[in-house]
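First up is the structure itself, then whatever we jot down about it.
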Amino acid sequence: MTRVRVESFSISLDGYGAGPNQSLENPLGVGGEDLHDWVTSTRSWREMHRQDGGSTGIDDDFAARANKNVGAWILGRNMFGPVRGPWPDADWKGWWGKNPPYHVPVFVLTHHDRVPQQMEGNTTFHFVTGGIHEALDRARKAANGMDVRIGGGPHTIQQYLRAGLVDELHIAIAPVLLGGGERLFEGVDLRSVGYSCVEHVPSEKATHVVLRRQRA
């Protein structure tokens, strides 16, 4: 059965999933890149980005599981690019160059229509204007029995959590203070929606926490 997952989403000690003042120069906000040091140094992350080397151990174990059995992704518009409002043109094709690291269909939440963008490596970006439920319906169909991964940002994950649509959430709490930005759990009552902690594992660079929604 298709599950909906959030994997390897990093937050700061003060709860932020992105830093303040996001821009083209700082797509994750000021200081936001520091949240991800635990994953960018792993062998699994480096292999996914066609790089050599990398560490093994607890962090790598969580990084490796993140892409297992994923048949489609859902992203908020900020995760695709810095452009706001109507799309001025089709020149911007994402942060990742010609061959993004997804290799499956990706559904981008937006308020503005845009034709699908096919990339190298079997990634196609589909732009969804009908909200989170339409995006999930389309992603489930595209996943063809595999799982759907919600990639962020924080506002997108919040919407799916409030609706109880995320089956499992893995967050990595980095030993970093950002002081501002976007809080992952802002306005989200995880307990009332049915989530509980089923795993927590510390490493040298992060504390890994897995939350799972208990189905009625």
Side-chain angles (χ1 to χ4, degrees), residues 2-13 15-19 26-29 31-76 78-80 94-97 99-108 119-123 125 139 143 146-154 156-157 160-161 166-178 181-182 184-185 195 197-213:
T2 297
R3 296 187 305 152
V4 180
R5 298 156 42 200
V6 175
E7 295 280 358
S8 296
F9 194 87
S10 302
I11 64 173
S12 64
L13 288 171
Y16 294 100
N26 292 291
L28 301 177
E33 290 189 5
D34 295 340
L35 298 176
H36 305 283
D37 182 55
W38 73 269
V39 68
T40 57
S41 59
T42 63
R43 181 174 61 186
S44 296
W45 188 92
R46 295 182 66 84
E47 285 178 352
M48 186 174 71
H49 291 80
R50 299 179 296 280
Q51 300 175 16
D52 296 328
S55 63
T56 58
I58 293 172
D59 292 331
D60 185 57
D61 291 342
F62 277 97
R65 83 173 213 165
N67 289 312
K68 289 182 179 179
N69 199 46
V70 174
W73 284 66
I74 296 173
L75 302 179
N78 291 8
M79 294 291 290
F80 177 75
W95 297 105
W96 314 273
N99 193 346
Y102 300 105
H103 311 301
V104 293
V106 179
F107 296 85
V108 180
M119 308 293 288
E120 295 179 8
N122 295 322
T123 298
F125 293 109
M146 299 176 72
D147 292 344
V148 174
R149 180 171 169 183
I150 312 292
T156 296
I157 294 175
Y160 281 100
L161 286 174
V166 177
D167 295 301
E168 190 167 281
L169 167 71
H170 162 231
I171 58 172
I173 305 170
V176 173
L177 293 170
L178 293 183
E182 295 184 53
L184 176 60
F185 297 125
Y195 293 97
C197 180
V198 297
E199 186 177 4
H200 56 95
V201 183
S203 73
E204 292 184 2
K205 294 186 175 183
T207 298
H208 298 276
V209 176
V210 179
L211 305 177
R212 188 174 298 149
R213 183 168 185 256

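- For Arg65, the salt bridge (Lys or Arg N to Asp or Glu O under 4.0 Å) partners are Glu7, Glu168, not counting sequence neighbours.
- Take Gln51 and apply the side-chain hydrogen bond (donor to acceptor under 3.5 Å, both in side chains) test, not counting sequence neighbours, and it matches Arg46.
- Qualifying side-chain hydrogen bond (donor to acceptor under 3.5 Å, both in side chains) partners for Thr56, counting only residues two or more places apart in sequence or in other chains: none.
- Leu184 contributes atom CG, which lies 5.5 Å from atom CZ of Phe9 (distance to the nearest 0.5 angstrom).
- Side-chain contact between Phe185 and Leu161: present, with at least one pair of heavy atoms (C-beta onward) separated by less than 4.5 Å.
- In this structure the side chain of Thr156 never reaches within 4.5 angstrom of the side chain of Leu75, judged on heavy atoms.
- Residues passing the side chain to side chain contact (heavy atoms under 4.5 Å, CB included) test with Glu204, sequence neighbours excluded: none.
- Asp61 is linked by a side chain to side chain contact (heavy atoms under 4.5 Å, CB included) to nothing, counting only residues two or more places apart in sequence or in another chain.
- Closest of all the heavy-atom pairs between Cys197 and Val209 is SG-CG1, 3.9 Å.
- With a 4.5 Å cut-off on side-chain heavy atoms, Tyr195 and Leu169 do not count as touching.
- Put simply, the side chain of Asp59 does not reach to within 4.5 Å of the side chain of Val39, judged on heavy atoms.
- Of all non-hydrogen atoms in Ser8 and Ala63, the two that sit nearest each other are OG-CA, 4.2 Å.
- Enclosure of atom CD in Glu33 is not indicated, since only 12 or fewer non-hydrogen atoms of other residues, nucleotides or ligands lie within 6.0 angstrom.
- Listed by chain and number, the residues in a ring-ring contact (aromatic ring centres under 6.0 Å, His included) with His208 are Trp38, Phe62, His170 (sequence neighbours excluded).
- Ser10 places no side-chain N or O within donor-acceptor distance of the main-chain N or O of His36, the cut-off being under 3.5 Å.
- Judged as a side chain to side chain contact (heavy atoms under 4.5 Å, CB included), and not counting sequence neighbours, the contacts of Val176 are Asp34, Leu35, Ala174, Leu178.
- Under the rule for a ring-ring contact (aromatic ring centres under 6.0 Å, His included), the partners of Phe107 that lie at least two apart in sequence or sit in another chain are His126.
- Partners of Asp37 by salt bridge (Lys or Arg N to Asp or Glu O under 4.0 Å), not counting sequence neighbours, listed by chain and number: Lys205.
- Contact record, Pro100 with Met119: CD-CB, 3.7 Å, taken as the closest heavy-atom pair.
- Of all the heavy atoms in Asn78 and Trp95, the pair that sits closest is O-NE1, 3.5 Å.
- Taking 4.5 Å as the limit, some side-chain heavy atom of Asn69 sits within range of a side-chain heavy atom of Met146.
- Of the inter-residue distances, the one linking Lys68 atom NZ with Arg5 atom CZ reads 9.5 Å to the nearest 0.5 angstrom.
- Note: Asp167 CG to Leu211 CG = 12.5 Å, rounded to the nearest 0.5 Å.
- You'll find the side chain of Pro154 stays beyond 4.5 Å of the side chain of Tyr16, heavy atoms only.
- Here Thr207 contributes atom OG1 and Ile171 contributes atom CD1; the two are 9.5 Å apart, rounded to the nearest 0.5 Å.
- Tyr160 is not listed as a side-chain neighbour of Val6, based on a closest heavy-atom distance of 4.5 Å or more.
- For the atom pair Glu182 CD and Leu28 CG, the distance stands at 10.5 Å (nearest 0.5 Å).
- With sequence neighbours left out, the salt bridge (Lys or Arg N to Asp or Glu O under 4.0 Å) criterion links Asp60 to no other residue.
- Taking Trp96 as the reference, Tyr102, Phe125 meet the ring-ring contact (aromatic ring centres under 6.0 Å, His included) condition, with sequence neighbours excluded.
- The backbone N or O of Val70 lies less than 3.5 Å from no partner atom in the side chain of Asp147, so there is not a single donor-acceptor pair.
- Met48 is listed as a side-chain neighbour of Asn67, based on a closest heavy-atom distance under 4.5 Å.
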